[in-house]
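See structure below.
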Amino acid sequence: MKNLRPLFVILLSCYFSLHSGQPGAEPKYVGNQGCGCHKSQIKSWTRSAHGKAFESLKPGKRKTAKKRANLDPDKDYTRDKKCLKCHTTGYRENGGFRDMASTPELKGVGCESCHGPGSKYRILHDEKPSSLTREENKADGAWYGSEDPDVCLACHNDDSMMTEKIDPKYKFDWKQALEKRKSYHTKITYDFKFKY
Ligand code: HEC
Ligand code: HEC
Ligand code: HEC
């Protein structure tokens, strides 16, 4: 039995290398393209405030708002760490936004900013698209902003430059904000037929 031990160690390490990225590993951000079947959400999100959140950091954009917040309207904020945290997807997290050269697909407040990093729940979603439950999704790292205000408050908080101290219109009421569908995407109308 003793001389089988090295073989066992090799088999064990093969098992772990094959299964990294599966149970046990932390979910990673994969970007909006991982959510490509949801065409109508992608389309409406692209036009939404969250979809355009990165553009607001460019010089010359949203000048009035920047001036009121004591920011320089002609400055380029697209590399400013302080801003990227809330104007990109998963900034500096596992698989999340780094910079425009390496992770351009994660600019703006993408799907995963509100739905959680998708590497794990996406696999499950592919396997059983119609029968997946919220509990199963959550176990694989999905978030539900309509159940948990913290999903939105991660960015809609006092660290933002645009708070009600600047203008009462920036006051964040979670329930009311959820009603503003135009700020994220159209309500889900399943884009494809399920096989039951
Ligand atoms: C990763 C950060 C982040 C998260 C998470 C986030 N938001 Fe936002 N939100 C922003 C930013 C940044 C803007 C402003 C975008 C811009 O105009 O540049 C914004 C804008 C908005 C606006 C104003 C849009 C408009 O059309 O005027 C609403 C409403 C809103 N968010 C609701 C929500 C809700 C509801 C959630 C949670 C389900 C949420 N947000 C989660 C960052 C975030
Ligand atoms: C803690 C998260 C957070 C940080 C940090 C942050 N923002 Fe934002 N930003 C937001 C949210 C949330 C909104 C949406 C406010 C709303 O519409 O209610 C927003 C909105 C904006 C807008 C649009 C305002 C308008 O009325 O058009 C600009 C411009 C902006 N931010 C620039 C910046 C810049 C520049 C920085 C860095 C210096 C920065 N933000 C840092 C969360 C953040
Ligand atoms: C600002 C936050 C926000 C962003 C960004 C966002 N969503 Fe959502 N989405 C929500 C909320 C809130 C719901 C309601 C269910 C929940 O709590 O997650 C929802 C629901 C959904 C649903 C239905 C889920 C279900 O359980 O029935 C799908 C599918 C979806 N979104 C896809 C997307 C896709 C694709 C993108 C990116 C193009 C995206 N979402 C970006 C906030 C967001």
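Whatever order the structure lists ligands and atoms in, that order sets their numbers, starting from 1.
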Residue [X] vicinity, atoms of ligand 2 by number, heavy atom under 4.0 Å:
X      : result
Ala65  : 24 (C), 25 (C), 26 (O), 27 (O)
Asn157 : 1 (C)
Tyr170 : 15 (C), 16 (C), 17 (O), 18 (O), 24 (C), 25 (C), 26 (O)
Leu71  : 35 (C), 38 (C)
Ser56  : 29 (C)

Atoms in ligand 3 flagged as close to Cys114, the criterion being non-hydrogen separation under 4.0 Å: 1 (C), 2 (C), 3 (C), 4 (C), 5 (C), 42 (C), 43 (C)
Atoms in ligand 3 with a heavy atom of Cys35 nearer than 4.0 Å: 35 (C)
Find the distance between [atom1] ([X]) and [atom2] ([Y]) and round it off to the nearest 0.5 Å.
X      : Y      : atom1 : atom2 : answer
Met100 : Leu106 : CE    : CG    : 10.0 Å
Ile166 : Glu164 : CD1   : CD    : 11.0 Å
Leu178 : Lys180 : CG    : NZ    : 11.0 Å
Thr46  : Gln41  : OG1   : CD    : 11.0 Å
Glu105 : Lys107 : CD    : NZ    : 10.5 Å
Ser48  : Arg181 : OG    : CZ    : 11.0 Å

Side chain, backbone, both or neither: Trp45 near ligand 3, heavy atoms under 4.0 Å: side chain
Ligand 3-proximal atoms of Thr46, by part, heavy-atom distance under 4.0 Å: neither
List the atom of [X], the atom of [Y], and the distance in Å for their closest heavy-atom pair.
X      : Y      : answer
Glu112 : Thr89  : CB-CG2, 4.0 Å
Pro117 : Pro27  : O-CB, 3.8 Å
Lys66  : Ser56  : NZ-O, 2.8 Å
Glu136 : Lys128 : OE2-NZ, 2.8 Å
Arg68  : Tyr170 : NH2-OH, 3.8 Å

Which of the ligand 1 atoms, numbered from 1, are nearer than 4.0 Å to a heavy atom of [X]:
X      : value
Val151 : 5 (C)
Cys86  : 1 (C), 2 (C), 12 (C), 42 (C)
Lys180 : 29 (C)

Hydrophobic cluster membership, Leu57 vs Leu71, 4.5 Å side-chain cutoff: yes
Shared hydrophobic cluster, Met162 / Tyr91 (ILVMFWY, side-chain heavy atoms < 4.5 Å): yes
Region of Thr89 that comes within reach of ligand 1 [heavy atoms, distance under 4.0 Å]: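 No part of Thr89 comes within reach of ligand 1.
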Arg62 contact mode with ligand 1 (heavy-atom cut-off under 4.0 Å):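 Side chain only.
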So which heavy atom in the protein is nearest [atom], and how far is it from that ligand atom?
atom                    : result
atom 41 (C) of ligand 2 : Cys83 CA, 3.6 Å
atom 5 (C) of ligand 2  : Lys82 O, 2.9 Å
atom 20 (C) of ligand 2 : Met162 CG, 3.6 Å
atom 39 (C) of ligand 2 : Met161 CG, 3.5 Å
atom 10 (C) of ligand 2 : Ser160 OG, 3.3 Å

Salt bridge present between Arg62 and Glu55 (N-O < 4.0 angstrom): no
Minimum-distance N/O/S atom that His115 presents toward atom 8 (Fe) of ligand 3: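 Considering only N, O and S atoms, His115 comes nearest to atom 8 (Fe) of ligand 3 through NE2.
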Atom 8 (Fe) of ligand 3 - closest N/O/S atom in His185: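 The His185 atom nearest to atom 8 (Fe) of ligand 3, restricting to N, O or S, is NE2.
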Contact check, Lys187 vs ligand 3, heavy-atom distance below 4.0 Å: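 Lys187: no contact with ligand 3 (<4.0 Å).
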Whether Ser113 lies under 4.0 Å from ligand 3, heavy atom: no
Of the listed options Cys111, Gly36, Ser44, Gly51, closest to atom 35 (C) of ligand 3 (non-hydrogen atoms):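 Checking each option, the heavy atom nearest atom 35 (C) of ligand 3 is found in Cys111.
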Option whose closest heavy atom lies nearest to atom 12 (C) of ligand 3, chosen from Asn32, Leu178, Thr186: Leu178
Phe172: ring-ring contact (aromatic ring centres under 6.0 Å, His included) partners, not counting sequence neighbours: His156
Protein non-hydrogen atom found under 4.0 Å from atom 27 (O) of ligand 1: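 Answer no: nothing from the protein, no heavy atom, is under 4.0 Å.
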Atom 14 (C) of ligand 1 protein-contacted, heavy-atom criterion under 4.0 angstrom: no
Under 2.8 Å from atom 8 (Fe) of ligand 1, the protein N, O or S atoms, given as residue and atom: His50 NE2, His156 NE2
Whether Phe54 and Phe97 hold their rings parallel, tilted or perpendicular, with breakpoints at 30° and 60°: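 Ring orientation of Phe54 relative to Phe97: tilted.
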Asn70 CG: over 12 foreign heavy atoms closer than 6.0 Å: no
Note, Asn137 side chain near Tyr144 side chain (heavy atom, < 4.5 Å):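 When only atoms from C-beta onward are counted, Tyr144 and Asn137 do touch, with a gap below 4.5 Å.
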For residues 28-37, which side-chain N or O atoms pair as donor and acceptor with protein atoms under 3.5 Å away, sequence neighbours left out?
{"unit_1": "Asn32", "atom_1": "OD1", "unit_2": "Cys111", "atom_2": "N", "d": "3.1"}

Stepwise side chain to side chain contact (heavy atoms under 4.5 Å, CB included) test for His115 and Tyr121: CA-CA 10 Å; His115 294 295; Tyr121 72 73; 3.5 Å; yes
Distance-only check: which donor-acceptor pairs under 3.5 Å involve side-chain atoms of residues 78-86, not counting sequence neighbours?
{"unit_1": "Thr78", "atom_1": "OG1", "unit_2": "Asp76", "atom_2": "OD1", "d": "2.6"}
{"unit_1": "Thr78", "atom_1": "OG1", "unit_2": "Asp76", "atom_2": "OD2", "d": "3.3"}
{"unit_1": "Asp80", "atom_1": "OD1", "unit_2": "Lys82", "atom_2": "N", "d": "3.0"}

Geometric N/O contact Ser146 with ligand 3, under 3.5 angstrom: yes
Check: Gly145 N/O within less than 3.5 Å of ligand 3 N/O: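 Yes, at least one N or O pair falls under 3.5 Å.
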Sub-3.5 Å N/O-N/O distance, His87 and ligand 2: yes
